[in-house]
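Shown next, in structure tokens, is the structure this report addresses.
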Amino acid sequence: MTFYTYGYLTTKHATWQYARLVLIIALLAVFIGLFIYYLKHRWNIKYKDLSIITGTLILLVLGFQVNGLVTLHTNSVQTGTITATVKTVAKQLNVAPAKVAVNATTTTNGLLFKTPKGYYRADYNSDGSAYVLEKVALHHPKVTLQKES
């Protein structure tokens with residue numbers, strides 16, 4: 001069973017977004033260079049074709065980037081709800097949020113919390129607005145802790 005620390009949940013994991021932005025900028029520079037070279041030498045059609053191919057690649061990578069940004073936004077909203085839950089549980093148990101780990105990255109029913117005081121389960125009501133926190137005992141837990149990088 002994997003538990004995620006508060007630090008792991010609050011750390012942004014979007015470094016690959018920067019790599020895509022660098023790729024887009026590099027492709028854009030190549031596209032502009034090829035297009036300018038084509039405009040200077042209109043008789044050489046291969047630069048027109050290469051600029052069209054590069055422009056298509058730019059559009060493809062931009063599509064991936066937009067999709068990645070939408071996914072990143074959705075994940076950050078879900079992470080915000082789980083971190084708020086971790087803070088609330090930590091406050092209820094008089095423990096620092098950094099010492100609380102949770103077994104999921106989204107708020108679900110039957111959420112388990114690993115604290116210095118033991119393991120706790122949160123059972124939510126039907127509309128998810130409130131929960132009951134109860135202490136549980138795990139039999140032979142194989143716990144791995146996912147910490148921040």
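Atom CG of Leu27 sits about 12.0 Å away from atom CD1 of Ile53, to the nearest 0.5 Å. In this structure, Phe31 CZ and Ile36 CD1 are separated by 10.0 Å, a value rounded to the nearest 0.5 Å. To the nearest 0.5 Å, the span separating CG on Leu59 from CD1 on Ile24 amounts to 10.0 Å.
A heavy-atom distance below 4.5 Å is found between the side chains of Leu111 and Thr108. With a 4.5 Å cut-off on side-chain heavy atoms, Leu112 and Tyr119 do not count as touching. Put simply, the side chain of Asn103 does not reach to within 4.5 Å of the side chain of Phe113, judged on heavy atoms. A heavy-atom distance below 4.5 Å is not found between the side chains of Val66 and Leu62.
Tyr131 pairs by the ring-ring contact (aromatic ring centres under 6.0 Å, His included) definition with Tyr124, not counting sequence neighbours. Shown here are the side-chain hydrogen bond (donor to acceptor under 3.5 Å, both in side chains) partners of Thr2, two or more places apart in sequence or in another chain: Thr144. Judged as a ring-ring contact (aromatic ring centres under 6.0 Å, His included), and not counting sequence neighbours, Tyr6 has no contacts.
By the 6.0 Å contact criterion, CZ on Phe35 is open, its count of non-hydrogen atoms from other residues, nucleotides or ligands being 12 or less.
Note on Val30: it does not cluster hydrophobically with Ile58, by side-chain heavy-atom contacts below 4.5 Å among ILVMFWY residues. At a threshold of 4.5 Å between side-chain heavy atoms, the hydrophobic network of Ile, Leu, Val, Met, Phe, Trp and Tyr places Leu21 and Leu57 in two separate groups. Under the 4.5 Å side-chain heavy-atom criterion for Ile, Leu, Val, Met, Phe, Trp and Tyr, Val61 and Ile52 are members of distinct hydrophobic clusters. Following chains of ILVMFWY side-chain contacts shorter than 4.5 Å, one can reach Leu50 starting from Tyr37, so the two form part of one hydrophobic cluster.
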List the atom pairs, with distances to 0.1 Å, where a side-chain N or O of residues 85-102 and a protein N or O form a donor-acceptor pair under 3.5 Å, not counting sequence neighbours.
residue, atom, partner, partner atom, Å
Thr85, OG1, Thr81, O, 2.9
Thr88, OG1, Ala84, O, 2.8

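Annotation: salt bridge (charged side-chain N to carboxylate O under 4.0 Å, His left out) contacts involving residues 103-131, sequence neighbours excluded, comprise Arg121-Asp123, Arg121-Glu134. Here side-chain hydrogen bond (donor to acceptor under 3.5 Å, both in side chains) pairs that include residues 46-61, with residues two or more places apart or in two chains, number zero.
Ring-plane geometry between Tyr8 and Tyr4 is classed as parallel, the angle between the planes falling under 30 degrees on a 0 to 90 degree scale with a further cut at 60.
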